[in-house]
Amino acid sequence: MAGHKLHADDTPVPVLAPGNGKTKTGRLWTYVRDDRPSGATIPPAVWFAYTPDRKGIHAQTHLIPFAGILQADAYAGFNAVYEIGRIHEAACWAHARRKFFDLHDARPSAVTAETLRRIGELYVIEADIRGQPPDERLSVRRARSRPLLDDLEAWLRAILGTLSRKSDTTAAIMYALNLWPALTRYCDDGIVEIDNSAAERALRAIAIGRRNYLFAGADSGGERAAAIYTLIGTAKLNGIDPEAYLRHVLTHIADHPVNRVDEFLPWNVASMLAVPAHLAV
């Protein structure tokens, strides 16, 4: 929460409802700090939080300590966070692209094909500057990405006039245009990413877990799952095998001073748990 930018997302998780043997739908929220694509050396980290529902107040509470750029999808629950003025929205081009990709996959058209081509050009630029410092990324984006974005906006607005208001393509275009300031914010800040893939990657483990454990036993189980996902996810972000990390912590924590428990944070033990290069697969 001390960083300048966070990635955020959430996903449903089945939770056993007390008394009736059925499940309800809880949420696992993820908040990711990972500025390595902009050349930062600050260790990456992920925090998961469980809530029994998806009310926006949960996101607002989670983000009380944060000020900066929040990269997320268009979930309305974040709107109150942006209205305060302490947190600024950066939207996700992967979400906007997916609207057109799904349409093109179902019913290919010249409009969807051209939109995907134009968005693809933006991603080519990002691949060229990944890992460079923020000022260099910003300079390239202003010179190369901004003109493409301006042309894309004008083209989308022109296309709107040729489409039915009720068409799926209109809905996809309006999704992008309604988020345009947030979708183009990455061209005003070299730390911001073009999309929210960092948060989506963090949620993949939960999708796999749902197919295995099926549901959490109670809200308290959801909270414990969030804590474990936080440890495992942060270990993976720091290049540590999660099993080796948990084994190390459980082996040593009983004899460790409680006021130095932060020494077990994944980035503080990464060097001793790193796999030697000649043994890495």
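No hydrogens, no waters, no symmetry mates; every other heavy atom, side chains included, goes into these values.
- In this structure, the side chain of Glu89 does not engage the main chain of Gln71 through any donor-acceptor pair within 3.5 Å.
- Interatomic distance, Glu243 CD to Ile232 CD1, rounded to the nearest 0.5 Å: 10.0 Å.
- When each of Arg185, Arg36, Arg201, Arg137 is checked for a salt bridge (Lys or Arg N to Asp or Glu O under 4.0 Å) with Glu193, only Arg137 meets the rule.
- Contact detail for Pro266 and Ile240: the closest heavy-atom pair is O-CD1, 3.1 Å.
- Within a 6.0 Å sphere centred on CG of Leu163, heavy atoms belonging to other residues, nucleotides or ligands number more than 12.
- Proximity of a side-chain donor or acceptor of Thr230 to a complementary backbone N or O of Ala226 within less than 3.5 Å is detected.
- Listed by first and then second residue, the salt bridge (charged side-chain N to carboxylate O under 4.0 Å, His left out) pairs involving residues 256-269 are Arg260-Glu263 (not counting sequence neighbours).
- Rounding to the nearest 0.5 Å places CG of Asp188 at 6.5 Å from CZ of Arg142.
- Under the ring-ring contact (aromatic ring centres under 6.0 Å, His included) criterion, the residue pairs touching residues 160-180 are Trp93-Trp180, with sequence neighbours excluded.
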| query | Stepwise, does the salt bridge (charged side-chain N to carboxylate O under 4.0 Å, His left out) test hold for Lys24 with Asp219? | reply | CA-CA 10 Å; Lys24 61 178 182 177; Asp219 288 335; 3.1 Å; yes
| request: Evaluate the side-chain contact (heavy atoms from CB on, under 4.5 Å) criterion for residues Thr162 and Ile159: first the C-alpha distance (whole Å), next the side-chain angles of each, then the deciding distance (0.1 Å), finally the verdict. | output: CA-CA 5 Å; Thr162 69; Ile159 291 296; 4.2 Å; yes
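- Grouping Ile, Leu, Val, Met, Phe, Trp and Tyr by side-chain contacts under 4.5 Å, direct or through others, leaves Leu103 on its own.
- Shown here for Pro134 and Ile191, the closest heavy-atom pair between the two residues is CG-CG1, 3.8 Å.
- Salt bridge annotation for Glu153-Arg157: present, with a cationic side-chain nitrogen under 4.0 angstrom from a carboxylate oxygen.
- Under the 3.5 Å distance criterion, the side-chain polar atoms of Thr61 are matched with a main-chain donor or acceptor of Ile57.
- In this structure, Leu273 CG and Ser271 OG are separated by 8.0 Å, a value rounded to the nearest 0.5 Å.
- Under the side chain to side chain contact (heavy atoms under 4.5 Å, CB included) criterion, Ile84 pairs with Arg86, sequence neighbours left out.
- Here the shortest heavy-atom pairing between Pro44 and Asn238 reads O-ND2, 3.0 Å.
- In this structure Asp168 satisfies the side-chain hydrogen bond (donor to acceptor under 3.5 Å, both in side chains) test together with Arg107, sequence neighbours excluded.
- Under the 4.5 angstrom side-chain criterion for Ile, Leu, Val, Met, Phe, Trp and Tyr, the cluster partners of Val81 are Met1, Leu6, Trp29, Tyr31, Trp47, Leu63, Phe66, Leu70, Tyr75, Phe78, Tyr82, Ile87.
- Listed by chain and residue number, nothing satisfies the side chain to side chain contact (heavy atoms under 4.5 Å, CB included) test with Asp255 (two or more places apart in sequence, or in another chain).
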| field | Stepwise salt bridge (charged side-chain N to carboxylate O under 4.0 Å, His left out) test for Arg118 and Glu121 | value | CA-CA 5 Å; Arg118 288 172 178 255; Glu121 290 181 335; over 6 Å; no
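- Grouped with Val124 in a hydrophobic cluster is no other residue, since no side-chain heavy-atom contact under 4.5 Å to another Ile, Leu, Val, Met, Phe, Trp or Tyr is found.
- The OG1 atom of Thr51 lies 9.5 Å from the CD atom of Glu223; values are rounded to the nearest 0.5 Å.
- In this structure, CG on Leu148 lies 13.0 Å from CZ on Arg141, to the nearest 0.5 angstrom.
- Other residues sharing a hydrophobic cluster with Leu203 under the 4.5 Å side-chain heavy-atom criterion for ILVMFWY residues are Val13, Val15, Leu28, Val32, Val46, Phe48, Tyr50, Ile206, Tyr213, Tyr229, Leu237.
- When all heavy atoms are compared, the tightest approach of Cys92 to Asp195 is SG-CB, 3.6 Å.
- Residues satisfying the side chain to side chain contact (heavy atoms under 4.5 Å, CB included) test with Ile208, not counting sequence neighbours, are Arg211, Asn212.
- Minimum heavy-atom separation, Ala8 to Asn196: O-ND2, 2.8 Å.
- Trp267 and Phe264 fall into different hydrophobic clusters, defined by Ile, Leu, Val, Met, Phe, Trp and Tyr side-chain heavy atoms under 4.5 Å apart, directly or through other members.
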| side-chain contact (heavy atoms from CB on, under 4.5 Å) between Leu122 and Tyr186, worked out | CA-CA 11 Å; Leu122 299 172; Tyr186 80 101; 3.8 Å; yes
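- Among all heavy-atom pairs drawn from Arg54 and Asp10, the shortest one is NE-OD2, 2.9 Å.
- For Arg117, the CZ atom sits in a packed shell: over 12 heavy atoms of surrounding residues, nucleotides or ligands are nearer than 6.0 Å.
- In this view, His4 satisfies the ring-ring contact (aromatic ring centres under 6.0 Å, His included) rule with no residue, not counting sequence neighbours.
- In this structure, Thr115 OG1 and Lys99 NZ are separated by 14.5 Å, a value rounded to the nearest 0.5 Å.
- Screening residues 102-161 for ring-ring contact (aromatic ring centres under 6.0 Å, His included), with sequence neighbours left out, gives no hits.
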